[in-house]
Amino acid sequence: MKVLVVGGGGREHAIVMKLSESPLVTGLYCAPGNGGIAKYAECFPVKATDLDGMLELAKKLAVDWVFVAPDDPLVLGMADLMRENGFKVFGPSKAAAIIEGSKVFSKNLMKKYGIPTAKYEVFTDAESAIRYIKEQDTYPTVVKADGLALGKGVIIAQTEQEATDAVRSIMEDKIFGESGSKLVIEEFLTGPEVSVLAFTDGESVAPMISSMDHKRALDGDRGKNTGGMGTVSPNPYYTKEIAEQCMREIFLPTMHAMNGENRTFRGCLYFGLMLTPNGPKVIEYNCRFGDPETQVVLPMLKTDLLDIMEAVENQKLDDLPIEWKSGACACVILASGGYPEKYETGKVISGLNEKGQLADAAVYHAGTKLSATGEFLTAGGRVLGITASAEKLRDALSAAYAAAEQVTFENVHYRRDIGQRALAAKK
Ligand code: AMP
Ligand code: GLY
């Protein structure tokens with residue numbers, strides 16, 4: 001089987017590395033890919049959002065499979081286009097990807113089907129939103145742009161001023177573009193967060209190992225929200241009892257809800273959950289694998305990923321036993337200093353071997369490129385995800401941090417406390 005993976009970050013590198021283990025895979029391609037992925041798959045400079053360009057590439061390479069990893073091509077309908085052209089696809093249709101593409105859609109879906117989530121209201125004009133904020137007069141409150149906003153469309157406002165500023169910048173200044181023509185204002189929830197990625201074919205749901213992201217830029221969960229500065233799996237807050245409750249109250253109801261709306265979801269559905277004092281609630285859905293969750297989930301997968309893709313596409317997921325390794329996995333993100341705001345790129349990365357790897361850890365490249373002379377250079381905000389596994393989380397973390405110290409580039413920044421909250425939870 002020849003597989004084209006769409007995307008070019010750490011998540012895609014983890015997908016490519018997992019697929020490279022499969023004896024069924026005879027050709028592995030990635031677009032646009034990056035410097036590290038290029039050591040495992042042939043990369044082509046086609047943007048993930050270039051639907052026509054990607055179709056042309058898939059035809060030229062005569063691949064069997066297209067794995068669409070990022071949200072934006074899915075929301076634009078890349079999976080449909082590829083299926084219409086005879087390719088097998090891992091990734092939901094445009095109709096199903098709306099579960100991430102529109103927060104108004106997902107909130108209304110949860111309300112209609114009784115799936116636990118934060119209480120909310122939808123607004124299409126700034127004045128009514130601001131009136132509502134003043135009436136509620138409860139802080140913090142949460143303001144969310146409707147559409148995709150590079151993971152930055154959520155503002156937790158601590159005061160009336162911050163909330164009204166958020167509304168005006170989303171709706172009037174359009175800081176997130178058309179994503180902000182509608183918005184959701186919702187109740188602020190508290191509790192540990194859990195990411196659960198799940199394979200689903202519309203008939204059954206197979207949750208993967210749970211994980212915990214660390215979204216803020218700085219230690220102690222301070223600083224700006226980022227795409228994710230590190231992850232651990234499994235998430236110790238996510239007990240077997242809570243997993244069963246989530247299956248009953250959230251995962252299966254979501255699958256049935258999407259079927260009920262004629263939007264059957266086939267692919268990886270990401271449940272961003274908060275374990276509140278009143279039970280688990282959905283913070284967000286994503287229509288794809290998480291980044292950097294994938295980097296600590298896929299290394300734990302024993303079953304051949306291509307077999308799972310086949311089962312999902314043929315709606316035979318229920319027949320396939322999916323096995324996981326025991327133990328824990330940790331990923332520390334090495335970012336460019338200044339990320340998620342202004343940062344520089346083009347810095348030489350030292351310490352990696354010829355394959356872009358380290359002896360004692362997997363290195364998932366998020367933002368790197370190869371120089372003309374074959375050196376790895378930084379090419380993004382998040383640069384590398386250094387990942388290690390071990391029987392105990394503590395040992396996985398030590399191994400990931402020891403490996404991280406062997407790599408360096410100018411202005412490298414990483415959090416020193418990835419996994420500390422998970423370790424504390426275990427006591
Ligand atoms: P998102 O961009 O949807 O991943 O949201 C970013 C982060 O905002 C989440 O990971 C939560 O930490 C936080 N968040 C979103 N919605 C709420 C909420 N209703 N209550 C508390 N925190 C929230
Ligand atoms: N790590 C969060 C996400 O992928 O959306």
Side-chain angles (χ1 to χ4, degrees), residues 99-100 102-122 136 138-144 153-158 184-200 202 204-216 221 225 228 231-261 263 265 268-287 290 293 296-297 324 328 393 419-427:
I99 198 164
E100 173 171 5
S102 166
K103 291 208 162 42
V104 172
F105 171 85
S106 67
K107 294 298 292 189
N108 289 342
L109 184 84
M110 288 186 269
K111 186 185 266 180
K112 179 168 170 189
Y113 291 90
I115 298 164
T117 189
K119 289 200 194 73
Y120 72 102
E121 291 293 331
V122 174
Q136 292 287 305
T138 313
Y139 305 97
T141 186
V142 185
V143 182
K144 299 187 170 183
V154 174
I155 295 159
I156 315 267
Q158 304 293 342
V184 171
I185 297 181
E186 71 177 28
E187 164 197 20
F188 178 76
L189 299 176
T190 55
E193 285 186 60
V194 184
S195 305
V196 179
L197 319 182
F199 295 109
T200 174
S204 66
V205 181
M208 304 179 215
I209 281 188
S210 63
S211 55
M212 184 191 286
D213 196 1
H214 297 69
K215 287 198 191 237
R216 301 295 201 92
D221 290 327
N225 247 323
T231 35
V232 298
S233 77
N235 185 320
Y237 290 99
Y238 190 70
T239 60
K240 193 162 160 282
E241 291 69 38
I242 293 176
E244 283 166 5
Q245 186 181 5
C246 289
M247 183 57 102
R248 245 182 0 255
E249 296 178 2
I250 296 174
F251 305 159
L252 290 172
T254 301
M255 182 190 79
H256 292 306
M258 291 299 276
N259 289 340
E261 298 296 303
R263 294 174 182 274
F265 191 104
C268 171
L269 184 52
Y270 168 132
F271 298 89
L273 306 173
M274 197 169 269
L275 308 180
T276 77
N278 300 315
K281 296 193 178 181
V282 177
I283 289 281
E284 60 162 350
Y285 292 115
N286 292 326
C287 65
E293 284 89 344
V296 292
V297 170
W324 298 91
L393 176 60
Q420 290 308 314
R421 192 157 179 213
L423 285 176
K426 283 191 151 168
K427 284 185 191 139

Report yes or no: does E187 contribute a side-chain atom to a donor-acceptor pair with the main-chain N or O of K119 at less than 3.5 Å? yes
Is the closest side-chain heavy-atom distance between T190 and P277 below 4.5 Å? yes
Counting distance only, does the side-chain N/O of N259 pair as donor-acceptor with the main-chain N or O of G202 below 3.5 Å? yes
Heavy-atom pair with the smallest gap, counting every atom of G228 and D213: CA-OD1, 3.4 Å
E293 versus S195, closest heavy-atom pair with distance: OE2-OG, 2.9 Å
Proximity of Y285 and Y270 rings by center, below 6.0 Å: no
Could you state the interatomic distance from CD (Q245) to CG (L275), rounded to the nearest 0.5 Å? 9.0 Å
So, do T117 and K107 sit near enough that their side-chain heavy atoms are less than 4.5 Å apart? yes
Pairs in or reaching into residues 241-251: which pass salt bridge (Lys or Arg N to Asp or Glu O under 4.0 Å), with residues at least two apart or in two chains? K240-E244
Which distance, rounded to the nearest 0.5 Å, do you find between the CG of L273 and the CG of L189? 11.5 Å
Walk me through it: do V104 and Y120 pass the test side chain to side chain contact (heavy atoms under 4.5 Å, CB included)? CA-CA 10 Å; V104 172; Y120 72 102; over 6 Å; no
For T254 and I250, the nearest pair of non-hydrogen atoms, with its separation, is OG1-O, 2.6 Å
Could you state the interatomic distance from CD1 (I242) to CE (M247), rounded to the nearest 0.5 Å? 15.0 Å
Looking at every non-hydrogen atom in both residues, tell me the closest pair between G290 and L197 and how far apart they are. N-CD2, 3.8 Å
CE of M274 to CZ of F188: how many Å apart, nearest 0.5 Å? 6.5 Å
Could you pull out all residues at least two apart from S204 that satisfy side-chain hydrogen bond (donor to acceptor under 3.5 Å, both in side chains)? none
With A243 via side chain to side chain contact (heavy atoms under 4.5 Å, CB included) - residues at least two apart: Y238
Is I185 close to Q136 at the side-chain level, that is, under 4.5 Å between some pair of heavy atoms? no
Please check: side-chain N/O of S233 versus main-chain N/O of V296, any donor-acceptor pairing under 3.5 Å? yes
Any F265 side-chain heavy atom under 4.5 Å of M255 side chain: no
What's the shortest heavy-atom distance between P234 and A328, and which atoms? CD-CA, 4.0 Å
What is the distance from atom CE of M258 to atom CG of L269, rounded to the nearest 0.5 Å? 7.5 Å
If you round to the nearest 0.5 Å, how far is NZ of K281 from CD1 of I115? 13.5 Å
Close side-chain approach of V297 and W324, heavy atoms under 4.5 Å: yes
Quick one: does N235's side chain have a donor or acceptor within less than 3.5 Å of a partner on E193's backbone? yes
Under a 4.5 Å cut-off applied to non-hydrogen side-chain atoms, are F251 and P207 in contact? yes
May I ask you to decide whether K112 forms a salt bridge with E261, counting only side-chain N to carboxylate O separations under 4.0 Å? yes
Minimum heavy-atom distance between K103 and V154, given as atom pair plus value: CE-CG2, 4.2 Å
Could you check whether any side-chain heavy atom of V282 comes within less than 4.5 Å of a side-chain heavy atom of M110, counting everything from C-beta outward? yes
